[in-house]
2 protein chains.
Amino acid sequence: MSSVTPGDARARRRLTNEIKGDLRELRNQLAMLNRQVGARLELNDVDMDCLDLISRHGPLSPSAVARRAGLHPATMTGILDRLERAGWVARERDPADRRGVTVRALPDRAGEMYGLLAGMNSAMDDICAGYTDAELDVVAGFLSRAIEAGRGATEELAGS
Amino acid sequence: MSSVTPGDARARRRLTNEIKGDLRELRNQLAMLNRQVGARLELNDVDMDCLDLISRHGPLSPSAVARRAGLHPATMTGILDRLERAGWVARERDPADRRGVTVRALPDRAGEMYGLLAGMNSAMDDICAGYTDAELDVVAGFLSRAIEAGRGATEELAGS
DNA sequence: CCCGTACAATATGAGAATCGTATTACTTCA
DNA sequence: TGAAGTAATACGATTCTCATATTGTACGGG
């Protein structure tokens, strides 16, 4: 990311708006992909989101997942019940604080989901293969920043 | 997008995987942002998705929205009832085929949602402002391709 | 022209999910 | 020790989803 070239301000504005629109469209498209995958696995929409959170951000307490996902703690109990019954996660009592529970993603069924996402996965590999290392760096940096912006905006709304 | 530089294959693989992970995380984060916005507007999660589809892809028939969103047509009736009651969309009879209905997004309440997304919006403006035109082109291209990949993967799952 | 078939949207009812509140179990601090 | 606070969950009322049935409309063949 080098310094900004002045360029044509109008064209630049258009480009920025295009990117913001694309981001919204991408979110929607990926949500639909998720819904299809979830349907195959008999997983609820929200359940997938939570499973994703648990898989990515390590063992978490139910309330931590609820906070991150913006859901009511009581709702989380139901979600975890379903995920646990279907063998996606395990609940373990926190040895340090016996009120607490930590939820851990189990590797067993992960392959099933991976299989359903294989098409998307290889499509993304193909796309990435068409870029130079430097370009991929730009994209990766952009995505990280966008995630961070999303987190910030979410917290701002959640906190007020 | 120029031709690929050989570079270090291992580092490249790592970079590609990072991007794929970021994409999943971004989806999740934006889903949470959406949930917060939806909560403020008393809009359901799915309702937001459908409203987004209708806003972006012009007037659509209920069944077309249902197909795109991967939802049952009867579910769509309920969703549109809620959206219509709250003044987000309008149903109009299709003059060409009187069995049909077309759903159109109304501009009235769009500003409310825009306001809630203002934080995210300006954060993205800031992020984009830090890139050169050429870099933004790379990002925009990448996003378009990723959307297309998502669409393809979704259709593949939906069709089978 | 009319009838049978096909299609779009919606009504209806059964099952499931969500969330506010109450409850139980445990910790922490006075 | 006991009072207050916290984590998770049980429970019930409300809401949502979806399979099926129904209504209204189009269209092609006789």
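Reckoned from all heavy atoms, side chains included, excluding hydrogens, waters and symmetry mates. Since the model is a prediction, treat every value here as computed from it, not as a measurement. A, B, ... follow the sequence lines: proteins, then strands. Residue 1 opens every chain.
- One finds no salt bridge joining B/Arg145 and B/Glu148 here, because no Lys/Arg side-chain nitrogen approaches an Asp/Glu carboxylate oxygen to under 4.0 Å.
- Between the P atom of D/dG24 and the CG atom of B/Asp94 lies a distance of 18 Å, rounded to the nearest Å.
- The neighbour count for B/Arg93 CZ, taken as heavy atoms of other residues, nucleotides or ligands under 6.0 Å away, is above 12.
- In this structure, B/Asn28 CG and A/Met48 CE are separated by 10.0 Å, a value rounded to the nearest 0.5 Å.
- For B/Arg99 against C/dC7, a side-chain-to-base donor-acceptor contact under 3.5 Å is present.
- Between D/dA7 and A/Arg67, no contact under 4.0 Å exists linking OP1 or OP2 to a side-chain N or O.
- A salt bridge is absent between B/Asp8 and B/Arg10: the closest approach of a Lys/Arg side-chain nitrogen to an acidic carboxylate oxygen does not fall below 4.0 angstrom.
- By the 4.0 Å N-to-carboxylate-O rule, B/Arg14 lies close enough to B/Glu18 to be salt-bridged with it.
- Note on B/Arg98: every side-chain N or O is 4.0 Å or more away from OP1 and OP2 of D/dG24.
- A/Arg93 comes within contact range of no nucleotide atom at all, as no heavy-atom separation falls under 4.0 Å.
- Contact annotation: A/Arg91 does not reach the phosphate of D/dA8 (side-chain N/O to OP1 or OP2, under 4.0 Å).
- Rounded to whole angstrom, the span from the CG atom of A/Asp97 across to the P atom of D/dG5 amounts to 17 Å.
- Of the residues in residues 42-66 of chain B, those placing a heavy atom less than 4.0 Å from an atom of DNA chain D are B/Asn44, B/Val46, in numerical order.
- Comparing C/dT10, C/dG20, D/dA19 by their nearest atom to the side chain of B/His72 picks out D/dA19.
- Residue A/Gly78 is classed as having no contact, given no heavy-atom separation below 4.0 Å to the nucleic acid.
- A/Gln36 is linked by a side-chain hydrogen bond (donor to acceptor under 3.5 Å, both in side chains) to nothing, counting only residues two or more places apart in sequence or in another chain.
- Here the C1' atom of nucleotide C/dA17 and the CZ atom of A/Arg82 are 6 Å apart, to the nearest Å.
- For D/dC18, one of the phosphate oxygens OP1 or OP2 lies less than 4.0 angstrom from a side-chain nitrogen or oxygen of B/Thr75.
- Regarding B/Glu92, its CD atom lies at a distance of 19 Å from the P atom of C/dA8, rounded to whole Å.
- Nearest-nucleotide positions on DNA chain C for A/Ile79 and B/Thr77 put B/Thr77 closer to the 5' end.
- B/Asp49 and B/Arg68 are not joined by a salt bridge, as no carboxylate oxygen comes within less than 4.0 angstrom of a charged side-chain nitrogen.
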